[in-house]
Amino acid sequence: MVITVPVCLLLAVTGLAVHGRAEVLGDARATRAEVDLSLRIQALVHQLQRERGMTNGLLGGEDEFRTPLDATRERVDTVLLAMRREGAVEGVVQRHLRRLPDIRAAADKRAADQAGTLTFYTSAIDALNAVDPVAESATGADRQLRDGLAALRELAAATESVALERGLLNGVFARGAFRGRAYIALTEVRATRIAALARFRQVATAPQRAALERAFTTEDAERATAYEKQAEGAADGSPLSADAGTWWDAMTVLVDDLYAVQQSVGDDVRHRADRLSRDAELALAAFLVGGALIAALVVGLAVFASRSLTRPLRMLAVTAQDVARRRLPEAVARIQQSPHDRADLARADAPDDPHAPLLGGVAEIAEVAASLRRVEDPALRLASEQAGLRRNTTESLANLGRRNQNLVRRQLGLITRLERQELDPDALAELFELDHLATRMRRNAESLLVLAGQNPPRPTAAPVDGLVVVQSAVAEVEQYRRVLIATVEPVRVRGHAVADVAHLLAELIENGLNFSPPTEPVEVHGWYDREDDTYCLAVVDHGIGMSEADKERAQGLFSDSGEEALLAAPTRFLGHLVVGRLADRLGEGTRIDLFDTPGGGLSALLSLPGRLLASAEDPATPPPHARPAVSSLLNGFRAGVARAEARNPQGASS
């Protein structure tokens, strides 16, 4: 209460002082925005006025307006497109300008009514002037700003009257005489112009009035006045011999000069609004700085008085942050990374005496500090249990993988001996299928070792041809007959990387086979990218493909080879995690990217860096672990051919 009462009184006094300046600042900024919008609206009105006059002349029979009319229409469309975001203007466009394309088409065919067309354009321009924010701008406290806005409104009305007179007489001169109510309309327009100019002179400044006078005293303005007098002499409908093009050019210069005066008045209003805004900002800043200084003094006294309470709280916060950000994470990391007993480490990292007070101050704060110390012990125990569980899971996977691997190797050796002894083609083909299943089982066992983070020992071998590596990968998938090995450019893969590349490629091919129709082949392409010094292997399927979310998840697993990814990834994405682990083992520069296949499906691109490729001088041999699979694949092909010859002797030769 001691602090709240003076601070509230200070805020009330400061608020009353600031309120007036804030209102002035808000009015000035609102006026600036309204003037900016008004000038953009008047730019659209200016172009519509020009199109109205040229269209009226064209309907009167003057074909010379055809070319400049097209250019004017393009400018109108450009300004309309830029103004569609303005809510008020969009409403006018929907209500009054939606028939603009039809009016233009009718005018081009000379099928439009001249008076109706003139009325259409005039109604649209009047609607735009009606939504002009300056036309309804509220008067503020600054007289100069009020007069500027009024001058801008009256000048817009006068400019519209001059532009309407230009378009009206353009059609009269093109036709050669007044018809219908054309002369009455002309007198009404001129009366509106005279009244608007008179009101403008009352509120305009001396420079603004001088600019207006200069616009009406130019040579073109005097020529336009002469044409007006000539038109007045033909009020009874007598023929007129005035040149419509000369009249149009003279009046266009006058309209452009008036539009320039409009822009000048708008700039004056904006400058005045900016000046008022700056003055209000300075005054507002001065009040705020003064209030802030007083508030700072009051708060400083309050802080000084309450320092004995805040010091223990600050120390408590520092201690809590230290526990959360440093001590606890470091202890958890030591427990997870150490091969020793996690429970012993957890007890070693636990606080010595959780009941010992850490901080001085009141009893409540000391109790909170003691509770904070007691939180560390269960957190460390939980981290120890989780680390032990992760270690046991990983070791179980590795043990199971090694057992399966040893059994499958023995099984493959036995099958290979049986294949060498078997002479019956049918039995040999079945042995091949059994050999192929055992080969896939071996790959699954190796995948378990990869997921467990165990690198099986592999002897260093000589470089192997890229085609042999691709064939080794194909031999390790179930539906190998659907795999189409397309063009594979010659390449030599270093011996230490052959096994991992073949395993990685087999996982990608298996994925493509599982998610594509059984009648569609999965293609494998290989080429050397000399620009990046990489060799690319592409696995292309024409199946169901993957959603963007699944592709992003798969790319994340390709690049994340940590233990957290293994525990968090769904089981259906474990193959992607195996691919990521293998790519990580192959080292920096190995990339796997997923792309959509044209026409449907998914393409996986494996990029091998140049350091995994051997030169042409290095001798090449098949990879030791893949040679039995390739041999079995070739034996199966031979068995299939022999069986076909036995069953169909006549067609075997074909």
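In this structure, Val203 and Arg199 have side chains that are not in contact, with every pair of non-hydrogen atoms separated by 4.5 Å or more. Side-chain contact between Arg193 and Leu164 is absent, with no heavy-atom pair separated by less than 4.5 Å. At least one side-chain heavy atom of Val172 sits under 4.5 Å from a side-chain heavy atom of Leu240. Within the 4.5 Å cutoff, side-chain heavy atoms of Leu100 are placed close to those of Leu80.
Ser238 and Asp236 share a side-chain donor-acceptor pair at under 3.5 Å. With 3.5 Å as the limit, one finds no donor-acceptor pair spanning the side chains of Arg223 and Thr218.
When all heavy atoms of Ala215 and Leu254 are compared, the closest pair comes out as O-CD1, 3.3 Å. What you find for Thr55 and Ala107 is that their closest heavy atoms are CG2-CB, 3.8 Å.
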For residues 225-234, which side-chain N or O atoms pair as donor and acceptor with protein atoms under 3.5 Å away, sequence neighbours left out?
| unit_1 | atom_1 | unit_2 | atom_2 | d |
| --- | --- | --- | --- | --- |
| Thr225 | OG1 | Ala221 | O | 2.9 |
| Glu232 | OE2 | Arg190 | NH1 | 2.1 |

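Annotation: side-chain contact (heavy atoms from CB on, under 4.5 Å) contacts of Ser264 (sequence neighbours excluded): Asp268. When the ring pair (Phe, Tyr, Trp, His ring centres under 6.0 Å) test is applied to Phe178, the partners found at least two apart in sequence or on another chain are Tyr183. Remark: His525 engages no residue in a ring pair (Phe, Tyr, Trp, His ring centres under 6.0 Å) (not counting sequence neighbours).
In Arg99, the CZ atom is not crowded: 12 or fewer heavy atoms of neighbouring residues, nucleotides or ligands sit closer than 6.0 Å. Applying the 6.0 Å contact sphere to CZ of Arg66 captures more than 12 heavy atoms from other residues, nucleotides or ligands. Within a 6.0 Å sphere centred on CZ of Arg73, other residues, nucleotides and ligands contribute more than 12 heavy atoms.
Sorted by first and then second residue, the ring-ring contact (aromatic ring centres under 6.0 Å, His included) pairs with a member in residues 230-250 read Phe65-Trp248, Phe173-Trp247; sequence neighbours excluded. Within the structure, the side-chain hydrogen bond (donor to acceptor under 3.5 Å, both in side chains) test picks out the following pairs touching residues 41-51 (sequence neighbours left out): Gln42-Asn129, Gln42-Asp132, Gln42-Gln262, His46-Asp256, Gln47-Arg75, Gln49-Glu160, Arg50-Asp256, Glu51-Arg104, Glu51-Tyr121.
A distance-only check finds no donor-acceptor pair linking the side chain of Asp541 to the backbone of Val522 [under 3.5 Å]. Side-chain atoms of Asn170 never come within 3.5 Å of backbone atoms of Asn56 as a donor-acceptor pair (strictly under, hydrogens ignored).
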